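Report on one structure; see the data block that follows.
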Amino acid sequence: MVSSVIIRYIFNELGILYEIPDLYSIVLQALCRIPRGKITTYRDISKALGDTIAARAIGYIMKTNPCPDRYPCYKVISSDGSLGGYSLGSERKSMLLQKEGVKVMGQKIIDFEKHLVDISDLRLPPVLLSMRRLQEFISDRVSLITERKNIRFVVTFDLSFVDGPLDIGIGVGCAFDVDNEELLGVGISFVPVFMPYIPTYLAFRELPAILGSLSAVIEYIPRIDAIILDGQGILHPRGLGIASHAGVITNIPSIGVAKSILVGRISGKWTYRGDLKYAPVVYNNKVLGFLVIKNKHKIVVSPGHKFSVDDARDFVLSLEWPRNEAEPRIIRLPHKIASRIKEFVKKYPKLLESRSKGQKSLDDFFL
DNA sequence: GCGACAG
DNA sequence: ATCTTGTCGC
């Protein structure tokens with residue numbers, strides 16, 4: 001698909017050097033190994049990659065297939081034997097299959113099991129398995145002991161995406177002095193995205209752009225006491241949401257603030273504090289985070305790294321939270337900036353043309 | 001019509 | 001997350 005010379009690694013002091021796999025290319029190229037008259041399913045591809053949870057993401061990769069003539073995504077159907085979608089119309093998908101001897105009745109494949117390819121023939125690398133193992137390895141290094149009592153210098157993050165031949169992630173980090181919540185500086189990165197969104201694997205999609213903006217914002221802040229990311233901390237099937245992942249590999253105390261629950265359930269009593277309330281979120285019989293509700297807006301707070309569950313919650317609750325906003329002001333700001341930059345880039349697409357370095361700063365625009 | 005699934 | 005239509009929700 002698209003080759004590039006872009007830096008796309010997540011690494012740390014633990015000796016881990018992990019290259020984010022180009023899942024789009026891996027899956028599209030595997031389609032070329034499906035023999036004439038054979039088919040497979042979104043779920044089987046997902047399973048071969050290491051986790052069936054990616055089935056919808058496989059469908060998304062098919063949907064955005066940049067070259068249906070070269071990558072035969074019409075050979076991929078739903079696991080229940082129904083036809084599934086096709087960017088050029090399901091009639092065309094049906095016709096292409098029939099031409100290879102696969103009978104289609106309405107939206108159903110006749111005897112679809114007989115046409116299934118041996119999925120191991122596609123030689124799909126189990127990249128989701130290795131990502132899961134990496135998450136488990138890093139998760140063992142998460143600390144839930146609050147390292148710093150007085151948190152003053154904080155960076156909050158968010159990103160938006162611009163789609164193209166290769167999706168570009170726009171990472172934004174905002175540095176604050178939380179004593180007066182003054183904005184000290186903004187770091188921005190533009191990074192190609194090689195992974196679709198897959199539940200529980202979010203960090204592998206978003207962290208490269210986040211870390212890029214972190215390195216860009218670092219000069220504006222005397223030190224970093226904490227980072228706050230949009231997503232879960234330890235409230236994750238493997239205890240490693242994006243905030244915990246970022247915290248451990250940067251060795252910076254971190255907190256996750258999400259808009260909805262990924263795993264776990266609300267359990268226990270509500271606590272009322274002023275005009276907001278919160279309740280514990282329990283997973284594996286442990287309180288790993290809190291659901292906070294204020295003026296109909298809800299956020300899920302869980303520690304990332306070097307925070308206790310209660311201290312993570314109390315720190316977030318100490319931040320100014322305007323009545324009409326969905327979350328505290330300093331957490332919302334990077335989202336607003338990323339959205340504005342996205343609109344700007346859509347308006348002037350040439351800004352992203354020379355992206356050979358993979359990361360850019362605002363200076364690149366104004367030289 | 002419907003299970004749930006951070007962004 | 002993004003896109004987009006319609007304009008309630010369990």
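A, B, ... follow the sequence lines: proteins, then strands. Residue 1 opens every chain. Worth saying up front: this structure is predicted, and the values here are computed from it rather than measured.
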Between [X] and [Y], does any side-chain N to carboxylate O distance fall below 4.0 Å?
X        : Y        : answer
A:Asp121 : A:Arg123 : no
A:Asp51  : A:Arg132 : yes
A:Glu325 : A:Lys336 : yes
A:Lys47  : A:Asp44  : no

Spacing between [X] atom [atom1] and [N] atom [atom2], to the nearest angstrom:
X        : N     : atom1 : atom2 : result
A:Leu202 : B:dG7 : CG    : P     : 8 Å
A:His236 : B:dG7 : NE2   : C1'   : 12 Å
A:Leu262 : B:dA4 : CG    : P     : 14 Å
A:Leu235 : B:dG7 : CG    : P     : 12 Å

When the [atom1] atoms of [N] and [M] are considered, how many whole Å apart are they?
N     : M      : atom1 : value
B:dG3 : C:dC10 : C1'   : 14 Å
B:dG1 : C:dG9  : C1'   : 13 Å
C:dT5 : B:dA6  : C1'   : 26 Å

Look at all strands and tell whether [X] reaches a base, only sugar-phosphate, or nothing, counting heavy atoms closer than 4.0 Å.
X        : result
A:Phe161 : sugar-phosphate
A:Tyr201 : base
A:Ile261 : sugar-phosphate
A:Gln232 : base

Exercise. Does A:Thr200 make a side-chain N or O approach to OP1 or OP2 of B:dA6 shorter than 4.0 Å?
Worked result: no
Exercise. When you list every nucleotide of DNA chain C with an atom under 4.0 Å from a heavy atom of chain A, which one comes first 5' to 3', and which comes last?
Worked result: C:dA1 to C:dC3
Problem set entry | Given A:Thr156, A:Asp230, A:Asp158, the one that forms side-chain hydrogen bond (donor to acceptor under 3.5 Å, both in side chains) with A:His335 | A:Asp158
Exercise. How about A:Asp179: does its CG atom have over 12 heavy atoms from other parts shown lying under 6.0 Å from it?
Worked result: yes
For this session: Would you check if A:Gln107 and A:Ser90 make a side-chain contact, meaning some heavy-atom pair closer than 4.5 Å?
Result: yes
